[in-house]
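Here is the structure we will look at.
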Amino acid sequence: MTFFNVEKIRKEFPILGQEVRSGVPLVYLDSTATAQKPAVVIDAMDNYYRTTNANIHRGVHYLAEKATSEYEAARLKIANFINANKPREIIYTRNTTESINLVAQSWGRSFLKQGDLIILTEMEHHSNLVPWHMLAQEKDLRLEFIPVTEDGELDQVVYDRLLDEGPKLVAFSHMSNVLGTINPAQEIVRKAKLAGAVTLIDGAQSVPHFDVSVKELGVDFLAFSAHKMVGPTGIGVLWGREELLNAMPPFLGGGDMIKKVLLRSFIPNELPYKFEAGTPAIAEAIGFGAAIDFLNSVGMDNIATHEHALVQSALIKLKTIPSLQVLGENAVNRGGVVSFTLAGIHPHDVAQILDQYGIAIRAGHHCAMPLHDKYGIPASSRASFYLYNTEAEVDHLVETLHKVTEMFA
Amino acid sequence: MTFFNVEKIRKEFPILGQEVRSGVPLVYLDSTATAQKPAVVIDAMDNYYRTTNANIHRGVHYLAEKATSEYEAARLKIANFINANKPREIIYTRNTTESINLVAQSWGRSFLKQGDLIILTEMEHHSNLVPWHMLAQEKDLRLEFIPVTEDGELDQVVYDRLLDEGPKLVAFSHMSNVLGTINPAQEIVRKAKLAGAVTLIDGAQSVPHFDVSVKELGVDFLAFSAHKMVGPTGIGVLWGREELLNAMPPFLGGGDMIKKVLLRSFIPNELPYKFEAGTPAIAEAIGFGAAIDFLNSVGMDNIATHEHALVQSALIKLKTIPSLQVLGENAVNRGGVVSFTLAGIHPHDVAQILDQYGIAIRAGHHCAMPLHDKYGIPASSRASFYLYNTEAEVDHLVETLHKVTEMFA
Amino acid sequence: MDDLYREVIIEHYKNPSYRGSLDPHDISFEDENPLCGDHIRVDLRIDANGIVTEAAFDGHGCAISQASADLLLESIIGKSVDQVKQLKKGDVMDLLGIELGPVRLKCALLPLKILKAGVYGLGEATDDLVEAE
Amino acid sequence: MDDLYREVIIEHYKNPSYRGSLDPHDISFEDENPLCGDHIRVDLRIDANGIVTEAAFDGHGCAISQASADLLLESIIGKSVDQVKQLKKGDVMDLLGIELGPVRLKCALLPLKILKAGVYGLGEATDDLVEAE
Ligand SMILES: Cc1ncc(COP(=O)(O)O)c(C=O)c1O
Ligand SMILES: Cc1ncc(COP(=O)(O)O)c(C=O)c1O
């Protein structure tokens, strides 16, 4: 375990030294929406554009070869990061959302048929709902949902019952972006496999925050986004088992994803290129590789431990605000996210007043409307923590929330 | 017309000052694959990550609002750049390829039916072929092709005949990335409209190189990529007429593209968000905006004039190499691209030897296999010019090609 | 301190003068901002000369949207329907007297959007109704 | 000057010793590199002891792929099929004696890929056959 020094880490992130308004330093508690970037990531892309920029794969000149090998080196880093067997199982996409759509449209459209059952959960992000809504409508599929209990966990009893109905796919988020609940992914996958279902994990909130191994999970597909793990916008990953990816038809058509093109037909390329049509996000892949290096240098276990400490302390301190209600407060296993409501005060007002004090939190449905419907609320406020947040920031949050309640008293 | 000084322009592009190997300066003649980036573009993204980075649309804190407004400001710049009516007609995608796939999968899948005719051309890039292959296979559509004449132009006689068959879509590239031919887009669109067809222009090679106005063209869809117009990788645009975009179903499902999500259904968002699922390429949009500013400051007419001069001079000087054959040499209207073959020498060998002299060109099928099939060759060598290239570079190219022919003599 | 939450906003939010409903009414329209769940219904009574004589709103949402509704209705009593149709973003911003980012702007403009969709007799409250022309 | 195009490569490209075809043959396999259109067919004769006695290639493509084919066939005459199955990327690179970027590497390795697919009796020449294990 490497030594973890949050003040040293903060220095690596240029934005964190900034004042939002004169005299008001930034307190960034919105990493669940997107993470901040360390200088090494920003510089990797800057450097790429200043010294290496070229289109990849098809080029035989110096820059093209250098760009290609850096682009592919990043793929290997990502494969190792999630303990994948082969870099060719790493498909670059734009984000988690596109990764899940790729599975829905390529795998789902080919392998699911009328009446087939997909199991999702009530705590899903819209990214792991709407692609299935679209597919279900097109192919007349059935969607069922593992309910969320009062404690903010998945109801395993109902899940077991749903498994009896012979699902073809079980797709769920590893960690809720609203409740912070870390779901027992390995167990969910194990049961799904026994029931003969293919499994997909929305890893948008897990891969950035703790060690995730696709081998240990036993899952078939894993989706995540670079921008939530100190990497750039514009790039995400779909990891899939090679056999499954090989059996799937292409998703988008165009350059690079083909082996051969005739006027009226084409032969798709090998993995991973089959799924990477057109000029990809080259600089972003290289930035993503730098982000992986950075996270590895800090250590994913250190990050998870740090966040755990912050969120536990936040949960205790937030109890000093009587009108504050945490969503899914009692989840046993939770990551660095706290969503809450303040009686009589709309989350947008909370977020805006906190912003006056330099504190950036999210307010809204956090792209999880069905979960908010379940709680009978249209919106909540959400504070989230990452490797660069401090105990002092937690205190600042709690103090300022006290002020908010006073303003509206 | 602003004053055009190529040496001054070159200074804005950090990579152009570089040596490929010690003593061998870079001569970048591969802008058709991807363009180099001026410092202002690189810095815009760098600055975004250092001072502004946040997720957009849903945030009420300072950074989120700043990021959102910069992201949307770029959309407006792009809309103005192509003379679009409204910024909401600008859909951010990953690249030209995704833009065309979006039209194929959303518009095409909804509005085309068995037996419908799509007219393409023999000079299309795979990006404007394979999406239609995929759709044609799925929906049993007919594909017909406007032939390329000996001179490298589209055969208007055959086009007229094909129009009699009542096409539903005419999709073609504004400028060929192999031949350099600039097609008479306004005329092609006018005829297609008369025949009742929807029209799509692949603007990957036109929007970066000369002034393109969707209003003047009268077209329905226009696709292009930032990375080919001194902007970043990872972002492209689909422009579409508002009525058409409104009538189309969503493409990918997820966050941001929805108005409302229930457990089993959703209501799509308004334009342009309906087509932008998940966290978009935020930094890239801002970089794209900076690229547009840069191109505007140079002046698109200046760029076109400069490239025209370079390519005309290249065509003349290349004639000094007897074994060299230019593809589509006699096209009347052509942009800054020259593809050629050297008798008995494979393009890959040509490119690799030129690379030894610091000259970066492309060798291969340039994602236009059917066009190469038509010429009966598997591959060609391609030199392409952009605003930062010089007459001296043209000379260097021609001299070095002489050396190549001697090596193989 | 909190300029953004001028006392007038919190005051109109906590103690609105126009909250309620009108039955019968001449115009009634409701809609919501899906981004935050703010929901507002506006009821109007219009006299023979096309003058707004009474107005009421109901709904739930943030202080900005609710205060904006209350202030907006206060401002239109006695105005003609034609005048209401002319109302713009700037008018609402003047009533609120604060600066707002893009997301909160949607909250602030929701009541005006609904009001205008109502008086124009549209089926839908679109952003076009309140965007700067 | 042009290290990359050592004379030996241009020589083997211009004057190959093993260009042709074998009829009859014991093994014949052909494939292409779609990236550049390089196409190669390899014919082999194998004796009762599993030794390669004769070899020929035909096809078209760049100097690298054609010279690589010629050099490769030269190197396997007299070798056993089992030895041919063991050939790796490094062996080809030693024969060529130059460094290559990823795209040209595919040209250089195409003959080996085809040769191995042939001796293994596979229907397809995949990259796995020549990637460093
Ligand atoms: C004419 C044409 N169309 C489409 C494309 C595809 O562009 P992208 O790879 O950015 O999707 C290109 C670029 O190679 C092109 O030249
Ligand atoms: C659990 C979860 N899934 C999916 C997503 C979507 O990620 P992206 O917007 O990068 O596609 C998010 C991020 O908001 C998330 O938290």
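In what follows, chains carry the letters A, B, and so on, assigned in the order in which the sequence lines appear, proteins first and then strands, with residues in each chain numbered from 1.
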Checklist entry - Which class fits the ring pair His133(B) and Phe266(A): parallel under 30°, tilted 30 to 60°, perpendicular over 60°? => result parallel
Taking side chain as everything from C-beta outward and backbone as N, CA, C, O, which of these in [X] sits under 4.5 Å from a heavy atom of chain A? Side chain, backbone, both or neither.
X	value
Glu19(B)	neither
Arg142(B)	neither
Leu371(B)	neither
Asp373(B)	side chain
Ala33(B)	both
Phe13(B)	neither
Leu26(B)	side chain
Thr52(B)	backbone
Pro131(B)	both

So which residue, [options], ends up with the most heavy-atom pairs under 4.5 Å with chain A?
options	result
Asp43(B), Asn53(B), Ile42(B)	Asn53(B)
Gly59(B), Ala104(B), Gly364(B), Ala368(B)	Gly59(B)
His366(B), Lys37(B), Glu284(B)	Glu284(B)

Heavy-atom closest pair, residues [X] and [Y]:
X	Y	answer
Arg362(A)	Asn55(B)	NH2-O, 2.9 Å
Gln18(A)	Thr51(B)	NE2-O, 2.8 Å
Gly253(B)	Thr97(A)	O-CG2, 3.2 Å
Val130(B)	Met257(A)	CG1-SD, 4.0 Å
Ser127(A)	Gly255(B)	OG-N, 3.7 Å
Leu252(A)	Met134(B)	C-SD, 4.1 Å

Next on the checklist: To the nearest 0.5 Å, what is the distance between CG on Asp30(A) and CG on Leu63(B)?
Outcome noted: 9.0 Å
Checklist entry - What's the spacing between Thr121(A) OG1 and Leu263(B) CG if we round to 0.5 Å? => result 9.0 Å
Who among [options] has the most heavy-atom pairs with chain B under 4.5 Å?
options	answer
Ala283(A), Ala351(A), Ser265(A), Ala363(A)	Ser265(A)
Ile100(A), Asn101(A), Leu129(A), Val60(A)	Asn101(A)
Leu102(A), Ile361(A), Leu135(A), Asn128(A)	Ile361(A)
Lys66(A), Gln105(A), Gln137(A)	Gln105(A)
Lys260(A), Lys374(A), Glu98(A), Arg264(A)	Arg264(A)

Proximity breakdown for [X] and chain B, heavy-atom pairs closer than 4.5 Å:
X	answer
Pro232(A)	both
Ile56(A)	backbone
Ala204(A)	neither
Leu262(A)	both
Arg382(A)	neither

Next on the checklist: Tell me whether Arg94(B) is salt-bridged to Glu276(A), with the criterion being a basic N under 4.0 Å from an acidic carboxylate O.
Outcome noted: no
Checklist entry - Any luck finding a side-chain donor-acceptor pair between Thr279(A) and His227(B) under 3.5 Å? => result yes
Checklist entry - Quick one: do the Tyr49(A) and Thr233(B) side chains pair a donor with an acceptor below 3.5 Å? => result yes
Next on the checklist: Could you check whether any side-chain heavy atom of Arg50(B) comes within less than 4.5 Å of a side-chain heavy atom of Ile15(A), counting everything from C-beta outward?
Outcome noted: no
Item to check | Sub-4.5 Å side-chain heavy-atom contact between Glu124(B) and Val261(A) | outcome: no
